[in-house]
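In what follows, residues are counted from 1 in the order of the sequence shown.
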Amino acid sequence: MASSNQVAVAPWHSVYPPPRDAALKSITREAVLQMMRDGESVAAKDFLLIDLRRIDYEGGTIRGSINLPAQSLYPTIPTLYSLFKAAGLRNIIWYCSSSRGRGSRAAGWFRDYIDERGDNDMESVVLLEGIKGWATAGSEFVNWMDKYDAAFWAK
């Protein structure tokens, strides 16, 4: 039984609208790995991986990812869209630990913004199973991580 002096704290994302698109597009780690391999041989890649972790940003990250903590993402979406568009990015791939909360929410918010612009050239997708799925899928994936910490993923 909860004590009467406990205050319920709303989740950080409750101050923002929920994503409109319930049928969110996702991408497998195998598909992302292939994109990364293909990107090594071309001058410019057309995708970006975004790691949304903040306080749980441990154990390593997928090589080439940028870290944009989900808690500060929503107000920056218009600016990010402009930057990504100017850079010629076509696929924005979001992930967090499992990609079931922050990852899917961020991908949905960004997809909504893309749709509002009528942009049919850019995709916003979530990485299935997030960084945890990537880091525990074997050496083929671990070899494409920066600052990988095996002890962290063995927990």
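Atom-to-atom distance recorded for Met145:CE and Asp149:CG is 9.0 Å, nearest 0.5 angstrom. Distance CD1/Ile92 to CD1/Ile114: 7.0 Å, rounded to 0.5 Å. With values rounded to the nearest 0.5 angstrom, Leu49 atom CG is found 6.0 Å from Tyr95 atom OH. Between the OG atom in Ser97 and the CD atom in Glu129 there is a gap of 11.5 Å [rounded to 0.5 Å].
Cluster membership for Ile66 and Leu33, using ILVMFWY side-chain heavy atoms within less than 4.5 angstrom, is not shared. Ile62 and Leu89 are assigned to two separate hydrophobic clusters, defined by single-linkage of ILVMFWY side chains at heavy-atom distances under 4.5 Å. The cluster map of Ile, Leu, Val, Met, Phe, Trp and Tyr, joined by side-chain heavy atoms under 4.5 Å apart, puts Phe141 and Leu128 in different clusters. Both Leu68 and Leu48 are members of a single hydrophobic cluster when ILVMFWY side chains are connected at heavy-atom separations under 4.5 Å.
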| field | Derivation and outcome, side chain to side chain contact (heavy atoms under 4.5 Å, CB included), residues Met35 and Glu30 | value | CA-CA 9 Å; Met35 290 168 69; Glu30 292 82 7; over 6 Å; no
| message | Evaluate Arg54 against Ser72 for side chain to side chain contact (heavy atoms under 4.5 Å, CB included), listing each step before the verdict. | response | CA-CA 10 Å; Arg54 182 181 67 167; Ser72 61; over 6 Å; no
Mind listing the side-chain donor-acceptor pairs of residues 79-87 below 3.5 Å, one per line with the distance, residues two or more places apart or on another chain?
from	atom 1	to	atom 2	distance (Å)
Tyr81	OH	Asp119	OD2	2.7
Ser82	OG	Pro78	O	3.2
Lys85	NZ	Asp119	OD1	3.3
Lys85	NZ	Asp119	OD2	2.9

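Partners of Asp115 according to the salt bridge (Lys or Arg N to Asp or Glu O under 4.0 Å) rule, which considers only residues two or more places apart in sequence or in another chain, are Arg111. Under the rule for a side-chain hydrogen bond (donor to acceptor under 3.5 Å, both in side chains), the partners of Gln34 that lie at least two apart in sequence or sit in another chain are Asp38. Applying the ring-ring contact (aromatic ring centres under 6.0 Å, His included) rule to Phe152 yields no partners; only residues at least two apart in sequence or on another chain are considered. Under the salt bridge (Lys or Arg N to Asp or Glu O under 4.0 Å) criterion, Lys132 pairs with no residue, sequence neighbours left out. Considering only residues two or more places apart in sequence or on other chains, Tyr74 meets the ring-ring contact (aromatic ring centres under 6.0 Å, His included) condition with Tyr16, Trp109. Glu58 is linked by a salt bridge (Lys or Arg N to Asp or Glu O under 4.0 Å) to nothing, counting only residues two or more places apart in sequence or in another chain. Thr136 is linked by a side-chain contact (heavy atoms from CB on, under 4.5 Å) to Trp153, counting only residues two or more places apart in sequence or in another chain. Remark: Ser124 pairs with Trp94 by the side-chain hydrogen bond (donor to acceptor under 3.5 Å, both in side chains) rule, at least two apart or across chains. Scored by the side-chain contact (heavy atoms from CB on, under 4.5 Å) test, Pro18 finds no partners at all (sequence neighbours excluded). By the salt bridge (Lys or Arg N to Asp or Glu O under 4.0 Å) test, Lys25 pairs with Glu123, sequence neighbours left out.
Looking only at atom types and distance, the side chain of Tyr148 has no donor-acceptor partner in the side chain of Thr61 under 3.5 Å away.
The side-chain heavy atoms of Met122 and Phe110, taken from C-beta on, include a pair separated by under 4.5 Å. Within the 4.5 Å cutoff, side-chain heavy atoms of Val32 are placed close to those of Ile93.
The backbone N or O of Asp51 lies less than 3.5 Å from a partner atom in the side chain of Asn67, making a donor-acceptor pair. Between the side chain of Ser139 and the backbone N or O of Val142 there is no donor-acceptor pair closer than 3.5 Å. In this structure a side-chain-to-backbone donor-acceptor pair under 3.5 Å is present from Ser99 to Leu127.
Taking a 6.0 Å sphere around CZ of Arg100, one finds it holds 12 or fewer heavy atoms contributed by other residues, nucleotides or ligands. Applying the 6.0 Å contact sphere to CG of Asp146 captures more than 12 heavy atoms from other residues, nucleotides or ligands.
Shortest non-hydrogen contact noted between Gly103 and Leu52 is CA-CD1, 3.6 Å. The two residues Arg102 and Trp12 come nearest to each other via the heavy atoms CG-CZ2, 3.9 Å.
In the hydrophobic clustering, where aliphatic and aromatic side chains (Ile, Leu, Val, Met, Phe, Trp, Tyr) are joined below 4.5 Å either directly or transitively, Leu24 groups with Val126.
A cation-pi contact, defined as under 6.0 Å to the ring centre and within 45° of the axis, is absent between Arg29 and Trp134.
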